[in-house]
Undergrad: 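Quick one: this structure, given as structure tokens, is what I'll be asking you about.
Counting starts at 1 for both ligands and their atoms, in listed order. We're numbering straight along the sequence, starting at 1.
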Amino acid sequence: MTDSIYTPDVVIVGGGVAGLTVALNIAPRKVCVITKNSLGVNTSSSWAQGGIAASISKEDSNENHINDTLNTAKGLADENVVKMVINESVNVVNDLENIGVKFDKNEDGSFNLGLEAAHSHRRILRSKGDSSGIEIMRGLIEEVKRSDHITVLENVSIDRIISEENQIYGVIGRFTDENIPNNHVVIQCPEVVLATGGLGGIFSNTTNPRTSFGEGIALAAQAGAILTDMEFIQFHPTGIDFGLDPTPLATEAIRGEGAYLVNQNDERFMLDQHPDKELAPRDLIAQNIFNQTEKGNSVFLDCRHMSKNFETRFPQVYNYCKKANLDPRNDLIPVIPVAHYHIGGVKTDLSGRSSVEGLWCCGEVASTGIHGANRLASNSLLESLVFGKIVASQINQKNMKIIDTPLTSKLIKTYKEKTKSKIRAKKYIWQLRSSMMRNLGIVRNQKSIIRGLFDVLKIERESKGLSAKLNDMILVSKFIILGAYKREESRGCHLRSDYKQQNDNMTYHIDQTLSQVESDIKEMIDQNNVNDDEKVSIN
Ligand code: SIN
């Protein structure tokens, strides 16, 4: 079969809230949106249970929301970005309502606002209780289908960004249907937007879809982009512990409505940990649950005292529990902390530009600086919507470059050779995920970080470049490991048991690039006199 070649003005890799917002706002430029699955299927956006934070109530203000975001971010947020995003929040909510997205309302027509951890006011706009992502994606997809300037290419996985001498030429990928032999897709255009989501799939316990394993970060790094804050991974305290992969989420909004966290002895262990008890900041709750499990305790979400209409207030959570033969109105829900959101990523400026000319990023793959060291719940859909519009408007203001030399078959051939085989490497992927969870999970220290590094290097050695997905996961894990190693402090969601305090001299970001990674790893090995027993934790 021959290659499929497309020549839009812009290509967007990723079809979640961020990608679709860029696509809708970029008209009249012609855009190609690439999705790994069918549009709207298995994206973190569709799975989002929380909603959009916006200071809409009379008692609230943008200043309150800005302060809550900055307090949560623990000194690492970029205040300009925080203000810019939050000051746009009401506008993006209006945009969504204008295309038909329905938010939950009270009888008097006002928004029925939810409360989540570390928000000083009720300000979470939700849809059907815990189904906000599904409803927002429904609205966006319907609008995309009405838009002539957008072509959606479904079931395509991107292998490389094509660039030479700081010039972007497009992307090259393939249809994910493994029965189609050698069917490459080439998209030739001067502007590439990455909106590929996060990397929770690097960890064995995660709320993220299987396709979220940091692929966008690997693509950007290979194109020469600067990454930043890779060590900041937010663990959600209440993944539902039914042994499923990915782990279903029990939204924080349930605790916002009064659910308790208890151990098997019915002790509400958060009572003496923070004045906000079960609504303390996410990192503190995750750490406390971790401490409980270290003591051999099990942890549960207790909703029994708030059983009225539970099934309609939180239909997704109710249905997950029902499938496991458990009724949250009468039974405790077992919970564990799970990798949920990556704060770091491709470093972008106020316009969503990466350090590579023609490469833009938005959504979870980008590190815009809004979240600092810890993300305030429900700020991320907001960030995606605001930056989606900004990226579209910035690209629209550019004089569109014409690629006068079409991609030659020689260049395409070179990239095909560089792109990797489709062979699955389940054993190695699983080893990597469990090592990253064990060694770079909720609480890290120098020893565990080094163990994580040696596991990754061993997997790299043994797997010998077997699979594209595994290669990306190995590369992204190295960036996380190096960031975690260099950040010798505890700040926000980066917790180190050997550096328990925040270090006031470390209010900088740790930037990384592909060209540096191997020498940094060598330095890390040289600095640590590791004996052979300590090198291997995989079994
Ligand atoms: C949740 O519903 O608890 C998640 C919200 C978020 O992560 O922003």
Side-chain angles (χ1 to χ4, degrees), residues 16-18 43-54 65 68-69 72-73 85-86 89 92-93 103-104 112-119 122-137 197-200 203 205-209 212 232-241 246-259 261 276 278-286 289 301 303 313-320 328 333 335-343 363-364 368 370-372 374-386 492-493:
V17 165
T43 68
S44 293
S45 297
S46 306
W47 291 10
Q49 291 183 16
I52 300 175
H65 188 179
D68 293 346
T69 302
T72 304
V85 170
I86 288 173
S89 56
V92 294
V93 169
F103 292 105
D104 294 346
N112 179 357
L113 299 169
L115 181 66
E116 288 178 350
H119 285 274
R122 285 191 169 264
R123 63 167 77 98
I124 317 300
L125 282 90
R126 298 175 296 172
S127 296
K128 296 191 191 105
D130 58 9
S131 309
S132 309
I134 296 174
E135 172 60 10
I136 295 167
M137 284 296 287
L199 53 64
F203 295 85
N205 296 333
T206 181
T207 56
N208 290 193
S212 296
F232 289 108
I233 289 132
Q234 190 173 57
F235 287 81
H236 195 294
T238 54
I240 308 180
D241 189 15
T247 308
L249 180 70
T251 173
E252 203 158 273
I254 305 183
R255 278 176 283 129
E257 297 305 315
L261 282 168
D276 291 336
E278 280 88 354
L279 274 187
R282 218 173 249 192
D283 56 305
L284 197 73
I285 304 224
I289 297 181
L301 193 63
C303 312
R313 282 154 72 207
F314 303 106
Q316 293 213 60
V317 174
Y318 179 77
N319 284 325
Y320 289 138
I333 306 175
V335 289
I336 43 161
V338 279
H340 183 58
Y341 189 88
H342 188 218
I343 287 173
E364 194 172 343
T368 63
I370 186 182
H371 306 302
N374 206 6
R375 181 183 63 105
L376 190 67
S378 289
N379 263 356
S380 40
L381 287 177
L382 173 63
E383 181 199 21
S384 294
L385 291 160
V386 174
C493 61

Undergrad: Heavy atom to atom 8 (O) of ligand 1, shortest distance: which of G133, P237, S378, G51 holds it?
TA: S378

Undergrad: Do any nitrogen or oxygen atoms of N379 lie less than 3.5 angstrom from nitrogen or oxygen atoms of ligand 1?
TA: no

Undergrad: Heavy-atom contacts with A377 under 4.0 Å: which atoms of ligand 1 show up? List them by number with element.
TA: 8 (O)

Undergrad: Got T251 and E116 here, is their nearest side-chain heavy-atom distance under 4.5 Å?
TA: yes

Undergrad: Could you tell me if any non-hydrogen atom of H236 lies under 4.0 Å from any atom of ligand 1?
TA: yes

Undergrad: Tell me the protein heavy atom at minimum distance from atom 2 (O) of ligand 1, and give that distance in Å.
TA: T251 OG1, 2.6 Å

Undergrad: Pick whichever of R282, E252, R375, Q316 has a heavy atom sitting closest to atom 5 (C) of ligand 1.
TA: R282

Undergrad: Are H371 and Y341 an aromatic pair, judged by ring center distance below 6.0 Å?
TA: yes

Undergrad: Given the rule in the side chain to side chain donor-acceptor pair (under 3.5 Å) test, do E364 and S44 qualify, once you have shown the distances and angles that lead to the verdict?
TA: CA-CA 9 Å; E364 194 172 343; S44 293; 4.6 Å; no

Undergrad: Going by the angle between their ring planes, with limits at 30° and 60°, are H340 and H236 parallel, tilted or perpendicular?
TA: perpendicular

Undergrad: Decide yes or no for L261 and T238: does some side-chain heavy atom of the first lie under 4.5 Å from some side-chain heavy atom of the second?
TA: yes

